[in-house]
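Below is one structure; the comments refer to it alone.
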There are 2 protein chains.
Amino acid sequence: MGIRDVAAAAGVSITTVSDALNGKGRLPDTTRVHVREVADRLGYRPSAAARTLRTGRSGLLGLTTTMRSTEPFALTEFAWFAELVRSATATALDLGYALVVLPASSPHDVWGNVALDGTIVVDPADDDPLVHELLRRGVPVVSGGHPGSTPVYGWVDNDHVAAVRSVLDHLADAGAERIGLLAAADGPGADKGVAGYRAWCADRGVPAITEEYEARTPGAGRAAAARLLDRGPDAVFGLHEGCAPELLDAARERALRVPDDLLLACCGEGADPSVTSLSLQPALAGAWAVELLVGVIEDAGAGPLLPAQRTVPTRLSVRDSSTRR
Amino acid sequence: MGIRDVAAAAGVSITTVSDALNGKGRLPDTTRVHVREVADRLGYRPSAAARTLRTGRSGLLGLTTTMRSTEPFALTEFAWFAELVRSATATALDLGYALVVLPASSPHDVWGNVALDGTIVVDPADDDPLVHELLRRGVPVVSGGHPGSTPVYGWVDNDHVAAVRSVLDHLADAGAERIGLLAAADGPGADKGVAGYRAWCADRGVPAITEEYEARTPGAGRAAAARLLDRGPDAVFGLHEGCAPELLDAARERALRVPDDLLLACCGEGADPSVTSLSLQPALAGAWAVELLVGVIEDAGAGPLLPAQRTVPTRLSVRDSSTRR
DNA sequence: CTGAAAGCGCTTACAG
DNA sequence: CTGAAAGCGCTTACAG
């Protein structure tokens with residue numbers, strides 16, 4: 001079932017079939033309709049591979065993330081990443097593209113086996129070799145997270161420092177005077193988050209109370225939460241998603257009531273509706289990255305582009321856990 | 001930078017380049033090495049599109065789910081689905097394939113623009129038209145969840161009824177006599193789950209205490225949790241993931257201590273380490289579905305195949321919330 | 001052991 | 001308004 005069969009059945013040339021089906025050329029509507037009917041009747045589906053080879057466009061976008069650990073997708077940001085991917089997938093489909101998630105590296109050379117119109121690289125390494133390779137091949141790259149010195153066509157990122165300050169300000173407004181920070185040492189944005197916290201503490205002249213842990217180590221988060229509460233904070237900010245249950249558990253074990261004895265706020269998508277949460281809005285990041293990338297792809301050759309940049313707003317959902325009664 | 005350039009630079013024919021790079025033909029190692037060196041030096045990357053057109057294999061697997069609501073991916077199973085997709089992606093990559101998530105339907109005909117070697121359909125509708133269309137095009141299909149009367153090459157599924165019974169048995173063993181069930185009416189597997197629960201209650205001669213809610217309606221889960229606890233159960237089983245916080249909140253508001261006054265178990269991946277959870281092991285489902293699919297693709301024409309089937313085991317993680325002190 | 005040639009199934013100038 | 005022909009970049013019989 002190729003275009004030749006349709007042409008034969010419709011009594012026209014393959015050029016006419018192609019034009020009729022793609023809405024191109026100058027054909028009378030009668031021809032167009034006739035060809036479409038015949039194609040439908042035969043159940044003709046154009047070959048995506050042939051179209052891709054001929055046009056040089058596959059309609060496929062890549063999405064990858066530099067995995068710090070060997071884990072597939074970092075544990076500390078699983079929900080964040082999953083939501084980003086979900087949103088990027090949906091946005092790509094809206095724009096007529098499909099999205100394929102690829103590993104930064106893999107045993108098989110999957111990157112070589114897939115024709116990509118563009119790629120989103122989440123949290124690229126500095127001067128990421130993968131990005132350089134893609135650009136050399138003419139594949140546009142947009143990054144999620146600041147690209148550092150890696151040359152990209154655009155990027156999306158949160159203002160991490162401002163985000164941290166907004167949470168700390170909120171806890172302080174709610175009456176906290178000794179705010180502790182729980183952070184995964186190997187988590188994404190941990191550096192910026194901890195730095196922002198320390199700067200805020202310095203500004204206010206209050207002590208920094210931090211505990212860090214290795215997200216990869218089972219039980220490390222739980223232990224760090226316990227250590228942190230033992231240092232007597234009256235509020236705690238959990239910098240990485242999914243730490244709310246561990247902090248709540250640690251509080252319960254110490255008979256600390258939330259929010260009466262301890263205010264609590266966490267990063268994340270707010271799985272627990274009683275815990276104040278700071279969302280990094282991964283859905284926006286994913287959608288915007290795709291929009292930037294598709295813009296680059298479809299405006300190819302529209303002059304020297306400045307790297308496009310969009311700052312993804314964060315959203316603080318204040319819940320019971322940080323509301324003084 | 002095509003195969004012709006490499007051939008010219010290496011002083012051989014394109015046949016030899018192709019054979020050398022793909023490890024085919026009978027070439028002396030010296031030729032092979034030489035061609036590879038030249039190709040590397042020129043930074044040659046074979047065109048995936050051309051290879052796909054020529055070989056009829058794209059190395060791409062599709063994954064789709066019938067969305068009951070108009071939501072992208074059902075809310076009641078977001079983490080389940082995300083984990084299934086993550087695992088399917090990783091397994092596909094291990095086997096040399098890439099995976100692309102496609103919607104059951106979309107404004108653009110993305111299905112027609114992507115060449116797929118096979119597709120996984122999660123929770124297909126009965127006699128799913130998409131599956132029929134794919135099979136007509138010669139694209140093998142494996143389903144996640146029982147395919148009903150839809151003809152597929154294989155499927156993976158949990159034994160939902162046995163899974164529900166295992167949780168109820170556990171709660172009964174822990175001393176529960178009035179076990180309530182919280183279920184999303186529009187959730188996946190809700191029918192089987194509720195039926196399994198009622199059958200278990202009938203077997204034991206105990207009353208069925210169920211509350212259902214529409215997952216799409218904000219706050220409905222919270223309200224249903226409250227209604228359920230007001231009916232005085234001494235244990236509760238939450239059939240859909242993510243309901244643990246709502247049940248814990250409802251218990252707290254009623255001054256019911258968990259597990260002292262109320263035993264609690266939930267489906268899901270156990271985000272809260274203090275709550276007993278039944279995992280459906282979506283990672284296994286995703287990995288196995290890909291393995292079945294790749295098996296079908298690579299054994300094409302290996303005789304009349306029975307649909308391959310694998311039952312995905314569930315795993316009950318017993319935590320504090322259902323452990324009587 | 002190596003190469004010339006056909007052809008995968010389209011789209012797109014171009015000729016009529 | 002329509003069609004014959006070229007060609008996208010490979011892989012694969014097949015001939016030498």
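In this text, all values refer to a predicted model and were calculated from it rather than measured experimentally. First the proteins, then the strands, lettered A, B, ... as listed; each starts at 1.
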Any N/O donor-acceptor pair, A:Thr55 side-chain to C:dT12 base, under 3.5 Å: no
Here the distance between atom C1' of C:dT2 and atom CD1 of B:Ile3, to the nearest Å, is 14 Å
For atom CZ of A:Arg32 and atom C1' of D:dT2, their distance in whole Å: 12 Å
Between CD1 of B:Ile14 and P of C:dT2 the distance, given in whole Å, is 16 Å
How close or far is atom P of C:dT12 from atom CG of A:Asp19, stated in whole angstroms? 9 Å
B:Thr31 vs C:dT2: side-chain N/O to OP1/OP2 distance below 4.0 Å: yes
Do side-chain atoms of A:Glu83 reach the backbone of A:Pro282 as a donor and acceptor pair under 3.5 angstrom? no
Is there a Watson-Crick or G-U wobble partner for D:dC1 with both distances under 3.5 Å, and if so, which one is it? C:dG16
Examine D:dC10: is either OP1 or OP2 under 4.0 Å from a nitrogen or oxygen in the side chain of B:Arg51? Give yes or no. no
Is B:Lys24 close enough to D:dT11 that one of its side-chain N or O atoms is under 4.0 Å from OP1 or OP2 there? no
Within this structure, what is the CZ-to-P distance between B:Arg45 and D:dC10, rounded to whole angstrom? 11 Å
Could you tell me the separation between the CZ atom of A:Arg26 and the C1' atom of C:dG16, rounded to a whole number of Å? 17 Å
Short side-chain donor-acceptor distance under 3.5 Å, A:Ser13 and A:Thr16: yes
Ranking C:dG3, D:dG9, D:dA5 by distance to the side chain of B:Thr15, first place goes to C:dG3
Where the side chain of B:Pro28 is defined as all heavy atoms beyond and including C-beta, which of D:dC10, C:dT2, C:dT12 is the nearest nucleotide? C:dT2
Salt-bridge criterion met for B:Glu133 and B:Arg137 (N-O under 4.0 Å): yes
A:Thr16 has its side chain closest, among C:dT11, D:dC8, D:dT2, to D:dT2
OP1 or OP2 of C:dG9 under 4.0 Å from side-chain N/O of A:Ser47: no
Whole Å only: how far is the CG atom of B:Leu27 from the P atom of C:dG3? 9 Å
Would you mind reading off the distance between B:Arg4 atom CZ and C:dA4 atom C1', rounded to a whole angstrom? 10 Å
Can you figure out which of C:dG7, C:dG9, D:dT2 approaches the side chain of B:Arg54 most closely? C:dG7
Any donor-acceptor N or O pair under 3.5 Å, side chains B:Ser149, B:Asp126: yes
Heavy-atom nearest nucleotide on DNA chain D taken for B:Asn22 and for A:Ser13; more 5' hit belongs to A:Ser13
Enter the distance from A:Leu293:CG to A:Trp155:CH2 here, rounded to the nearest 0.5 Å. 15.5 Å
